[in-house]
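Written below as structure tokens is the structure these notes are about.
Just so it is clear: chains get the letters A, B, ... in the order the sequence lines come, proteins before strands, and each one is counted from 1. Everything quoted here is computed from the prediction, not taken from an experiment. The figures here come from the full heavy-atom set of this structure, side chains too, leaving out hydrogens, waters and symmetry mates.
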Protein chains: 2
Amino acid sequence: MNSDTRWLNDHEQEVWRAFRELLWGFESAMDRQLLRDSDLSGVEYSVLASLSEADDGVMRARDIAQQLDWERSRLSHLLKRMEARGLVERVTCATDARGFNISMTSAGWDAIRQAAPGHVTFVRENVFDPLSEAEREALLSATTKMQQSIRNAGLWGNTGRSA
Amino acid sequence: MNSDTRWLNDHEQEVWRAFRELLWGFESAMDRQLLRDSDLSGVEYSVLASLSEADDGVMRARDIAQQLDWERSRLSHLLKRMEARGLVERVTCATDARGFNISMTSAGWDAIRQAAPGHVTFVRENVFDPLSEAEREALLSATTKMQQSIRNAGLWGNTGRSA
DNA sequence: ATCGTTTTGTTGACACGTCAATCATGCAAC
DNA sequence: GTTGCATGATTGACGTGTCAACAAAACGAT
């Protein structure tokens, strides 16, 4: 991987730079919109959105982590802060004394209900509206392929292990 | 923005989910590769790459921040760590007593020279190789349009102000 | 039953980012 | 030249992520 490195030509540089810029900027723009309109951070929104898809707003911590493809410790740290903010509650689990059921409080429900429309609108206005149908399809196939390639390289996800 | 929210249909959900997954996963995979092969974090690499493009490996901190579109404080914190690691040095600036010249040490040069091939190879293998020419073009136009849209919405970059 | 392993989750140390406050310098207006 | 504002950079508080170490319960084999 030394002198036979296939460096990027000018046009590739341009594509790469645009993609890279979007990569860091999109997330932070989304967080900014969320924080501005709803006082929820992006990660908090993710957790609440997962919970809201469960029937009663209750999930095992393990399942949330798996669904979001997060490390357990990451979730644990966040839940501690969210519990302190009154968005969720940890409830000991009846069927497994190790586990916890994470339950959305009514404040959590309020927060996600209030935040969702603005979030969806952000996605619609900044992803779907600006793109042609062909571009949307290309975006899907391109992202899928890149992800698959990274997976094959063993570099995807939480430190390799599925966690 | 309430009951007239245009929610996502199933296919849009699929596109969005794939894009979102890539958004967080790509960066972290890139960081992982870099850390594994070169003991540099992604942000450290960015700074060193910027510096390496200046003739002598010296830039004003302000210019680095501008080029990377970072907040000054972010750069300042990072430079403190990088200086502690011996990758760069802060040198007082002759022409402006407020400013600092950031200068790459020889250890910094070594690090970036050692890391660059693996990084470029990562990009080549996980972005360009898996995509068709049409997909590469669509990726460029799609990312450009999304970014432009976010800019128009006033949500791009460091807290709005150009910093 | 007990031993070893896996699963579930927490904790602490540290890297990293944002925000608001601070401080000194440059600079322009008067 | 001093007043006022913009610029360059740092700091501290705090939210966030990773990693490694840990503890306790569950489970599977014997």
SB check A:R136 B:E12 (cutoff 4.0 Å): no

In whole angstrom, what separates A:E71's CD from C:dG9's C1'? 13 Å

Which nucleotide in D:dG17, C:dT11, C:dC19 has an atom nearest any side-chain atom of A:K80: C:dT11

Integer-rounded Å distance: D:dG8 P and B:I64 CD1: 13 Å

Check salt bridge (Lys or Arg N to Asp or Glu O under 4.0 Å) between B:D96 and all other residues, then give those that pass, not counting sequence neighbours. B:R60, B:R98

Could you tell me how far apart B:E27 (CD) and C:dA15 (C1') are, to the nearest whole angstrom? 15 Å

Under 4.0 Å, counting only non-hydrogen atoms across every strand here, what does B:R85 touch: a base, just sugar-phosphate, or nothing? nothing

I need the CZ-P distance between B:R72 and C:dC23, as an integer number of Å. 19 Å

For the side chain of A:R62, counting heavy atoms from C-beta on, which of D:dT10, C:dT8, D:dA9 is nearest? C:dT8

On the side chain of A:H77, is there an atom forming a donor-acceptor pair with the base of C:dG12 - under 3.5 Å, no angle test? yes

Kindly point out which of D:dA9, D:dT10, D:dA13 is positioned nearest to the side chain of B:R90? D:dT10

When rounded to whole Å, the CD to C1' distance for the pair A:Q66 and C:dT7 reads 12 Å

A:R60 side chain near C:dG9 phosphate (N/O to OP1/OP2, under 4.0 Å): yes

Using a cut-off of strictly less than 4.0 Å, decide whether B:R81 has a side-chain nitrogen or oxygen near OP1 or OP2 of C:dA15. no

Within this structure, what is the CZ-to-P distance between B:R74 and D:dA9, rounded to whole angstrom? 17 Å

Whichever of A:L35 and B:G42 has its nearest DNA chain C nucleotide further upstream toward 5': B:G42

Contacts of A:R20 that satisfy side-chain contact (heavy atoms from CB on, under 4.5 Å) - sequence neighbours left out: A:W16, B:E27, B:M30, B:S46

Who are the side-chain contact (heavy atoms from CB on, under 4.5 Å) partners of A:D56, not counting sequence neighbours? A:V58

Near DNA chain D, under 4.0 Å by heavy atom, which residues of residues 93-107 of chain A? A:D96, A:A97, A:R98

Checking all strands, does A:S73 fall into the base, sugar-phosphate, or nothing category for heavy-atom contacts under 4.0 angstrom? base

Sorted by chain and residue number, the salt bridge (Lys or Arg N to Asp or Glu O under 4.0 Å) partners of A:E53 (sequence neighbours excluded) come out as none

With sequence neighbours excluded, tell me which residues meet salt bridge (Lys or Arg N to Asp or Glu O under 4.0 Å) with A:R81. none

Interatomic distance where CG belongs to A:D31 and C1' belongs to C:dC16 [whole Å]: 14 Å

What's the CG-P distance between B:L75 and C:dA15, to the nearest Å? 17 Å

Ion pair B:D37/B:R32, N-O distance below 4.0 Å: no

